[in-house]
Protein chains: 2
Amino acid sequence: MKTAKGGLVLKSLKEQVYDYLRQQFQKHRLQPGETINMEATAGKLGVSKTPLRDALIQLEMEGFVTISPRRGIFVNPLPLAEIREFYQVIGALESSALIESFPSLGPAGIRKMDGLNRRMQKAIDAGDFDLFYEKNLLFHDAFVAACGNGNLTRIVGNLKKRLYDFPRKRQWIKEWEQSSIREHQEIVDFLAAGDPQSAAIFLRDVHWSFKVQEKFIRKYYGDAKA
Amino acid sequence: MKTAKGGLVLKSLKEQVYDYLRQQFQKHRLQPGETINMEATAGKLGVSKTPLRDALIQLEMEGFVTISPRRGIFVNPLPLAEIREFYQVIGALESSALIESFPSLGPAGIRKMDGLNRRMQKAIDAGDFDLFYEKNLLFHDAFVAACGNGNLTRIVGNLKKRLYDFPRKRQWIKEWEQSSIREHQEIVDFLAAGDPQSAAIFLRDVHWSFKVQEKFIRKYYGDAKA
DNA sequence: GGCAAATAACTGATATATCAGATATCAGAA
DNA sequence: TTCTGATATCTGATATATCAGTTATTTGCC
């Protein structure tokens, strides 16, 4: 329950619990296979089990946990096979979004993407992974948002939540980040040349190709077992 | 909670409530904008508000309802704009699934799709819309399932739930059904000719093109307002 | 010692009571 | 008559108690 009172936005307990748990994922405090104990967690958060359960149902729908009735609530692993699936889905959807957004992106939008990619390079040069990550998200968001398809944005966003919040072996791989920047530049170049189809195909078949990115993925997530 | 006891599969109350509500949608007993009253519904179903709320949280995540805190729970409309969004997403994902599944489909899989399409024609000839609908789902499921991407299947499936459970103006439009069958045949022909790329493009840009299908969509769903 | 049945403990699922925000209605003042 | 504040009602959100399936441990028999 979000209420605005004099500029304050009040969140329901359910939402606050959800945010807390999401943070736990982002901080890698919840590991695959781990159980979330209702009594203990509710006690720790100082709320009843009810909003906790509400939040967990949402997290289950989003793929983060599995509620195994009367047995326990388990943090889902993220096996390579599933990462492969995510890559396929995101590739197909972002590719579609890029084509759809091209008319409304225009030169200004392409310049914006180009600028974001350059800032990604600067972040790498400065060793600032958080900034790199932020600009990377914004690069993709530029055309996904411009596509104007809220459902597509939601679906892609949720898969990315799973990809990025999952505990990983390494914080970053410079080679991968450099490679991403080169790929982004390729996409921008296609767009600037007025060829969204080639940009979309490159985005789908290279940038979001599990096969192409596999060597980095394995380093980054480790060879996670299901 | 699904438990198997001596072959019986027992469902939790939450699941049963969810199934009931889904049925209500399928039977068009729940209309856009309508409210679902917790006390009344729980009383009617003979359960407490808890499993009802659990089910509603899931339905909200799936887009069927909006839980407006402390105000009410509203059945979501399905405006044409959203249908358009769904068409784009499904088109992109099914297209991707078709390419991915082609190697494992093989001649047998293509024949199966062909057979399903012929049965769709027979259903039309016999005026049996339920059978048509069933074979239509199976036609698409054939390559979506063969793609082996559970997440893609789940995402597409959920969007189709929304499309097919939504109340509509007309039960069926023979012209659209005939058109679908022709389009399916086109896809099958491309596949049989060993050209999944053309099949995928046709699937995405014709079969799942909102623009191409718009005249039927408007007749079928009515000109629903948001 | 091994196995099966009984019992205890654990844990999530559900029911009920209470709370709390939103909305409608009423009463009083201008 | 209109407006504002107070009160009542409605409805979902949350807390607490209890239930019920699952798992672990104990007990008794062979």
Side-chain angles (χ1 to χ4, degrees), chain A residues 1-22 24 30-76, chain B residues 1-22 24 30-76:
Chain A
M1 181 209 60
K2 246 182 247 189
T3 308
K5 290 203 172 183
L8 283 185
V9 180
L10 305 181
K11 293 188 172 191
S12 70
L13 291 187
K14 175 213 167 185
E15 285 181 301
Q16 290 175 63
V17 171
Y18 174 81
D19 291 345
Y20 168 79
L21 291 173
R22 278 292 313 285
Q24 294 303 103
L30 292 170
Q31 298 292 326
E34 201 168 311
T35 63
I36 297 173
N37 181 288
M38 296 283 292
E39 290 281 359
T41 306
K44 185 175 176 182
L45 297 181
V47 297
S48 75
K49 292 188 292 187
T50 312
L52 173 58
R53 181 171 174 79
D54 287 356
L56 286 166
I57 288 170
Q58 182 173 340
L59 283 166
E60 185 180 39
M61 294 297 289
E62 294 177 339
F64 283 91
V65 301
T66 295
I67 301 177
S68 212
R70 294 184 145 104
R71 299 186 195 183
I73 295 162
F74 304 96
V75 175
N76 287 338
Chain B
M1 180 207 61
K2 248 183 246 190
T3 307
K5 291 207 175 182
L8 285 184
V9 181
L10 305 180
K11 293 188 174 189
S12 70
L13 291 187
K14 176 214 166 184
E15 285 181 303
Q16 289 176 61
V17 171
Y18 173 82
D19 290 345
Y20 166 81
L21 291 173
R22 277 293 312 285
Q24 294 302 102
L30 292 171
Q31 299 291 326
E34 201 169 311
T35 65
I36 298 173
N37 180 287
M38 295 284 291
E39 291 281 358
T41 307
K44 185 175 175 180
L45 296 181
V47 298
S48 76
K49 292 188 292 184
T50 312
L52 174 58
R53 180 173 175 78
D54 287 356
L56 285 167
I57 288 170
Q58 181 172 343
L59 284 166
E60 185 180 38
M61 293 297 290
E62 292 176 342
F64 283 90
V65 300
T66 295
I67 301 177
S68 210
R70 294 182 145 100
R71 297 181 196 192
I73 295 163
F74 304 95
V75 176
N76 287 339

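Nothing here was measured: the structure is a model prediction, and the numbers come from that model. In the text below, chain A, chain B and the rest are named by the order of the sequence lines, each starting its count at 1.
Looking at residues two or more places apart in sequence or on another chain, you find a salt bridge (charged side-chain N to carboxylate O under 4.0 Å, His left out) between A:E39 and A:K49.
Contact check, A:T50 against D:dT14: no side-chain N or O comes under 4.0 Å of OP1 or OP2.
Going from atom NZ of B:K11 over to atom C1' of D:dG21 covers 18 Å, rounded to whole Å. In this structure, A:L52 places its CG atom 14 Å from P of D:dT16, rounding to the nearest Å. The distance from atom CG of B:L56 to atom P of C:dT14 is 14 Å, rounded to the nearest whole Å. Taking atom NZ of A:K49 as the reference point, atom P of C:dA15 lies 14 Å away to the nearest angstrom.
A pairwise comparison of heavy atoms in B:M38 and B:L56 identifies SD-CD1, 3.6 Å as the closest pair.
Listed nucleotides: C:dT23, C:dT14, D:dT14. Nearest to the side chain of B:L13: C:dT14.
Using modelled atom types, one side-chain atom of A:S48 and one backbone atom of A:T50 make a donor-acceptor pair closer than 3.5 Å.
Both key distances under 3.5 Å define a Watson-Crick or G-U pair, and stretches of 3 or more such consecutive pairs in DNA chain C run C:1-30 with D:1-30.
Using a 4.0 Å heavy-atom criterion, one finds that A:K14 contacts the sugar-phosphate atoms exclusively.
Within residues 33-43 of chain A, the residues having any heavy atom closer than 4.0 Å to DNA chain C are, in order of number, A:I36, A:N37, A:M38.
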